[in-house]
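What follows is a set of notes on a single structure, which appears directly below.
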Amino acid sequence: MPRILAFDYGTKRIGLAVTDPLQIIATGLDTVHPKDAIEYLKKYFLTEQVEAFVFGDPKQMDGTPSDSAQHVKGFAKTLRRTFPDIPQYWIDERFTSKLAHQTIMQSGLKKHDRQNKERVDTIAATIILQYFMEQHR
């Protein structure tokens with residue numbers, strides 16, 4: 001069974017998370033620089049099947065698009081051109097970074113490890129993917 005891949009898009013890093021083949025568990029996969037994302041995915045697809053992309057939809061507290069929304073939409077458009085057969089879904093990502101920070105704080109990691117911004121992005125992508133999976137069960 002193919003996996004579902006989620007993105008927590010940032011202009012410096014993209015956090016990636018993926019389901020297991022049975023689509024039961026969401027797990028952090030990696031972080032990549034936006035300019036390297038397409039090549040990363042092409043290599044990933046050599047060994048794994050992906051049936052859907054899930055993006056965090058950046059919104060303000062009032063529900064309007066945030067300043068970063070245009071960047072995420074541009075990235076999604078590039079993915080649609082590059083991988084036209086993979087459907088795309090959007091999940092409200094408000095509070096995912098805050099939840100990721102809380103998860104790290106509660107994990108018992110040393111201070112140096114808790115400050116790793118890549119870890120926050122990967123956990124935020126995992127939270128986005130978990131939200132998606134909960135909504136589509």
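Because the structure is a prediction, the values reported are computed rather than measured.
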Within this structure, what is the [atom1]-[atom2] distance for the pair [X] and [Y], rounded to the nearest 0.5 Å?
{"X": "Asp92", "Y": "Trp90", "atom1": "CG", "atom2": "CH2", "value": "12.0 Å"}
{"X": "Ile91", "Y": "Gln135", "atom1": "CD1", "atom2": "CD", "value": "4.0 Å"}
{"X": "Tyr9", "Y": "Asp57", "atom1": "OH", "atom2": "CG", "value": "14.5 Å"}
{"X": "Leu16", "Y": "Leu129", "atom1": "CG", "atom2": "CG", "value": "11.0 Å"}
{"X": "Arg80", "Y": "Lys73", "atom1": "CZ", "atom2": "NZ", "value": "9.0 Å"}
{"X": "Ile123", "Y": "Gln130", "atom1": "CD1", "atom2": "CD", "value": "10.0 Å"}

Any chain of hydrophobic side-chain contacts (each under 4.5 Å) joining [X] to [Y]?
{"X": "Val72", "Y": "Phe53", "value": "yes"}
{"X": "Leu22", "Y": "Ile25", "value": "yes"}
{"X": "Ile86", "Y": "Val32", "value": "yes"}

Does any part of the side chain of [Y], heavy atoms only, come nearer than 4.5 Å to the side chain of [X], both counted from C-beta?
{"X": "Val50", "Y": "Pro2", "value": "no"}
{"X": "Thr78", "Y": "Ile38", "value": "yes"}
{"X": "Leu5", "Y": "Leu29", "value": "yes"}

Check: Tyr89 ring centroid to Phe55 ring centroid under 6.0 Å: no
Would you check if the distance from the ring center of His71 to the ring center of Phe75 is below 6.0 Å? no
Locate the shortest heavy-atom distance separating [X] from [Y]; write the atom from each residue and the value.
{"X": "Gly28", "Y": "Thr122", "answer": "CA-CG2, 3.2 Å"}
{"X": "Met133", "Y": "Gln23", "answer": "CE-O, 3.5 Å"}
{"X": "Ala69", "Y": "Pro58", "answer": "CA-CG, 3.6 Å"}
{"X": "Ala124", "Y": "Asp8", "answer": "CB-OD2, 3.4 Å"}

Taking it one step at a time, do Gln49 and Arg3 satisfy side chain to side chain donor-acceptor pair (under 3.5 Å)? CA-CA 6 Å; Gln49 289 183 315; Arg3 299 173 186 264; over 6 Å; no
Walk me through it: do Tyr40 and Asp30 pass the test side-chain contact (heavy atoms from CB on, under 4.5 Å)? CA-CA 10 Å; Tyr40 179 94; Asp30 208 345; 3.2 Å; yes
For Val18 and Ile4: C-alpha separation, side-chain torsions, deciding distance, then whether side-chain contact (heavy atoms from CB on, under 4.5 Å) applies. CA-CA 6 Å; Val18 67; Ile4 300 170; over 6 Å; no
Output, in order, the C-alpha distance, side-chain angles, deciding distance and verdict of side-chain contact (heavy atoms from CB on, under 4.5 Å) for His33 and Lys12. CA-CA 6 Å; His33 190 280; Lys12 294 181 182 179; 5.7 Å; no
Does Leu41 form a side-chain contact (heavy atoms from CB on, under 4.5 Å) with Leu79? I'd like the steps, not just the answer. CA-CA 10 Å; Leu41 292 172; Leu79 287 184; 3.5 Å; yes
